[in-house]
Number of protein chains: 2
Amino acid sequence: MSERKEQWLEELIRLTEGDEKKKTDKQAKILEAAIEIFAEKGFAATSTSEIAQKAGVAEGTIFRHYKTKKDLLLSIAGPIASKLVAPFLARDFAKVIDLPYEKADDFFRSVARDRLRFARNNEKLIRILIHEVPFQPELMEQMKAMLTEIVAARMKRVVEHFQNQGQLIEAPPWRIVRSAASMFIGMIIFHVILAPDFPFDDDEEIDRTLDLLMHGISGRKA
Amino acid sequence: MSERKEQWLEELIRLTEGDEKKKTDKQAKILEAAIEIFAEKGFAATSTSEIAQKAGVAEGTIFRHYKTKKDLLLSIAGPIASKLVAPFLARDFAKVIDLPYEKADDFFRSVARDRLRFARNNEKLIRILIHEVPFQPELMEQMKAMLTEIVAARMKRVVEHFQNQGQLIEAPPWRIVRSAASMFIGMIIFHVILAPDFPFDDDEEIDRTLDLLMHGISGRKA
DNA sequence: AATAAAAGTGAGTACTTACTCACGATCTTG
DNA sequence: CAAGATCGTGAGTAAGTACTCACTTTTATT
């Protein structure tokens, strides 16, 4: 357990240093193909022969680089999970509090924009992550740990800071964070998965959603 | 396509009339076992032999009742999808507008409570639904159709009604519906999946979440 | 009680699965 | 350039896989 924990923590540290492992050409092809098919059909429904074929590689080559099929999945899902929460680990994230963001909504807008762009640039990887996390206990633990120990912990401090300034209402920080996350994740899922045809301006939509989040949907006569 | 559409529409009508098909003992056992394992390991990772074993039934028996494994999945996921949106189809749903609910938040509270209870009573089925919908095009189409033609359409009318009364702000109804849905679905996922240990009072939590939804998270000095 | 229909069985089938391994090709390093 | 390590291969394997079918057992109908 503690080994696991250290593993993704090291991975996070490595990420901030921009240290990528050297991959051979064929290995890159394998990863590319695996991501493509995992995202489309799911991990369990994907065969290694299919991956090999799409990658233009012999099946044995896959197992030279990855002990098992599951190992291949983890080497895809692990890093993306780390990258997803990486910004919250940044050393200056806590300092975000008193430096660039004087207003709470500016802060939320900034985070939302950044993570939405990230999601758009890594759609397939995030699809894989969402789908396979519930079935891979190790991934599940990793995600839970990251969300509670990094994201929730950091966000809690930020929310408390804005509460002290009277910019946010006096409610349990976790509920505020949960609500904000729900709103934006719901927005992403709705527009990316449910209505991908219907085009919209990301920044504009974020602003409108942020408005609802900050001031609610209640009208004057409520 | 139109045949498909009629299929789940008929299913919905049947549901309102409480018409359940007669099942044999072993068939019930098969469904029970399949739901259990599908929810735990996912459809693709589940073998028919495993289902048969858990159901205490010969493997051939499964295929007497269901042509294929996929057929078995659809006969589980289809009905639960229908039941999930069924309340929105109720004839009196539109009338909900001028009869029992004078206040918008009472309406939202009522819907949230009802569907949360439904989700709690059908946790495994909903898990299966969420997980397999993206991979089964037919299910995907069914869900999209239901969400747009039934849920969204009805909710739009209700929101517009409350907007006319000045109880809700003048924003696009779909965005208001999306925000409300995101908040409550986020609440459910958070408490059911991410923090199942941490016990909480459903109705109380719904009220607090509804508060945030109605009035936002912005403080006095914002 | 006789007959038909439906439910249940489990051995069998054709095929796919993840993974191995002995061997040749390519790269790295002295 | 020699030698060892790493990379790449594809035929091969044992263990499933979803599904079938001739058969027996149970249930429904007359």
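Two rings, from B/His131 and A/Phe135, have their centers less than 6.0 Å apart.
Among the nucleotides C/dC19, D/dA18, D/dT17, the one closest to the side chain of B/Ser49 is D/dT17. Taking every side-chain heavy atom of A/Ser47 into account, C/dT17 is the closest of D/dC19, C/dT17, D/dT17. Of the candidate nucleotides C/dT9, D/dT9, D/dC19, D/dC19 has the atom lying nearest to any side-chain atom of B/Phe63. Distances from the side chain of A/Glu59 to the nucleotides D/dA18, C/dG8, C/dA18 place C/dA18 closest.
Here the P atom of nucleotide C/dG8 and the NZ atom of B/Lys29 are 13 Å apart, to the nearest Å. Note: CD (B/Gln53) to C1' (C/dG8) measures 18 Å, nearest angstrom. Rounded to whole Å, atom P of D/dC7 lies 14 Å from atom CG of A/Leu31. In this structure, the NZ atom of B/Lys23 is 19 Å from the P atom of D/dT27, given to the nearest Å. Look at NZ on A/Lys69: it is 19 Å from P on D/dA15, rounded to the nearest Å. Protein atom OH of B/Tyr66 is 16 Å distant from nucleotide atom C1' of D/dC19, rounded to whole Å. In this structure, NZ of B/Lys70 is placed 11 Å from P of D/dC19, rounded to the nearest angstrom. Rounded to whole Å, the distance from CG on A/Leu73 to P on C/dC19 is 12 Å.
A donor-acceptor contact under 3.5 Å is formed by the side chain of B/Arg64 with the base of C/dT9.
If you check every strand for non-hydrogen atoms under 4.0 Å, B/Gln27 touches nothing. Within 4.0 Å of B/Thr24, counting heavy atoms only, lie sugar-phosphate atoms of the nucleic acid but no base atom.
The pair B/Glu32-B/Lys23 does not count as a salt bridge, with every side-chain nitrogen at least 4.0 angstrom from each carboxylate oxygen.
Listed pair B/His65 / C/dA6 fails the phosphate criterion, with no side-chain N or O lying under 4.0 Å from OP1 or OP2. At the phosphate of D/dT26, neither OP1 nor OP2 sits under 4.0 Å from any side-chain N or O atom of B/Lys26.
DNA chain C is contacted by both B/Gly56 and A/Lys67; B/Gly56 maps to the nucleotide lying nearer its 5′ end (nearest heavy atom per residue).
B/His191 and B/Arg120 share no donor-acceptor pair across their side chains, judged by distance under 3.5 Å alone. A donor-acceptor pair shorter than 3.5 Å cannot be found between the side chains of B/Ser49 and B/Glu59.
Annotation for A/Glu160: atom CD counts as buried by contact number, over 12 foreign heavy atoms lying within 6.0 Å.
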